[in-house]
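In listed order, ligands and their atoms are each counted from 1.
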Amino acid sequence: MASQKTIKIRVKRYIPEKAEEPFYSEYDVPYSEDMVVLDALNYIKDNLDGSLSFRWSCRMGVCGSCSANVDGKPKLTCSSFLKESKGDSILVEPLSHFRTIKDLVVEIDVFVKKLKSIKPWIIRNEEKPIADGEYLQTPEQRDLIKQTSMCINCMLCYEACPVFDMDNDFIGPAAAAISYRSVMDSRDDGAKERLDILTSKHGVWDCTYIGECSVVCPKAVDPALAIQKLKAMGGISIIKSLLPKKK
Ligand code: SF4
Ligand code: FES
């Protein structure tokens, strides 16, 4: 009987209660064409090493929780097929722009804080009575926010962003893209409020338009473009605020 084909999975580990420094563990995992990196990690967890820690939930590119560096590139492990690997081993490492808690699990508070800061909910000047029904949109109004609505908060764009690497206070790609979505939403009245936040210190002006955020985004959100559009909107908003008020 032919022996089962295997692939070596090399994982960067960090177990603070055992060792101060990170180290690497290697595992031989049975290989099949339809396996993704997350399947390999789950195989390791179930069969080889129960101490390996990593996040995941949906296994289908929706929850955004399985992000890691696969062979040095920021990816969703549930969407990275083993067969895409060029060599006979695959390197899996945690996102490096976030503090590692254990193995592939990183601290996400810094990102959640940014999300909260841009108020990612509908802001209304006046709420209409519930009895009046939903706030309806036309297909054209919906199209304006469709692309940025696809964000799954996976943080891969922050891993690809050199500005965020230098300055963790930078608002960053996803928070900006989600802001753009809110600003363009026909049901929302919070544009000025958000633009004030986005054009303040550590806001969109810090983006140097490298564009890697859009390259790595698994949902084609194009946060780099959203940031440039916000810069234009923010500039207009600032100029308007400087003009003399009509009497
Ligand atoms: S913009 Fe793209 S890469 Fe960034 S968090 Fe959203 S889905 Fe992930
Ligand atoms: S497990 Fe949900 S996006 Fe990968």
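Side-chain contact of Q137 with D185: a donor-acceptor pair under 3.5 Å is present, judged by distance alone.
Proximity of V216 to E159: side-chain heavy atoms (C-beta onward) are nowhere separated by under 4.5 Å. Side chains of V92 and L104 form a contact here, defined as non-hydrogen atoms less than 4.5 Å apart. Counting heavy atoms from C-beta outward, Y14 and K102 have side chains that stay 4.5 Å or more apart.
Evaluation of the ring pair (Phe, Tyr, Trp, His ring centres under 6.0 Å) rule for F98 yields F164 as partners, not counting sequence neighbours.
Of the possible polar contacts, one joining the R124 side chain to the R187 backbone as a donor-acceptor pair under 3.5 Å is found.
Taking a cut-off of 2.8 Å, the protein N, O or S atoms nearer than that to atom 6 (Fe) of ligand 1 are C151 SG.
Within 6.0 Å of atom CD in E17, more than 12 heavy atoms from other residues, nucleotides or ligands are found, so the atom counts as buried in its surroundings.
Salt bridge status for K83 with D34: absent, with no side-chain N to carboxylate O gap under 4.0 Å. Ion pair K192/D196 flagged as a salt bridge, since at least one NZ, NE, NH1 or NH2 atom sits closer than 4.0 Å to an Asp/Glu carboxylate oxygen. With respect to D109 and K116, no salt bridge is recorded, no charged nitrogen being found less than 4.0 Å from a carboxylate O.
Near V62, with a cut-off below 4.0 Å to any heavy atom, the atoms of ligand 2 are 3 (S). Heavy-atom proximity to C66, at under 4.0 Å, picks out these atoms of ligand 2: 1 (S), 3 (S), 4 (Fe). Residue contact check: G61 has heavy atoms under 4.0 Å from atoms 3 (S) of ligand 2. Atoms of ligand 2 found under 4.0 Å from any heavy atom of C58, numbered from 1 in the order shown, are 1 (S), 2 (Fe), 3 (S). The ligand atoms of ligand 2 that sit less than 4.0 angstrom from a heavy atom of G64 are 2 (Fe), 3 (S). Of all atoms in ligand 1, listed by their number and element, those nearer than 4.0 Å to a heavy atom of P218 are 3 (S). For ligand 2, the atoms closer than 4.0 angstrom to any heavy atom of C63 are 1 (S), 2 (Fe), 3 (S).
Contacts between T77 and ligand 2, counted as non-hydrogen atom pairs separated by less than 4.0 Å, are absent for every part of the residue. If you look at S57 next to ligand 2, the close heavy atoms, those under 4.0 Å, all belong to the backbone.
For the side-chain contact (heavy atoms from CB on, under 4.5 Å) test with L156, the passing option among P218, C217, P173 is P218; the others fail.
What sits closest to atom 1 (S) of ligand 2 on the protein, heavy atoms only, is R59 N, 3.2 Å.
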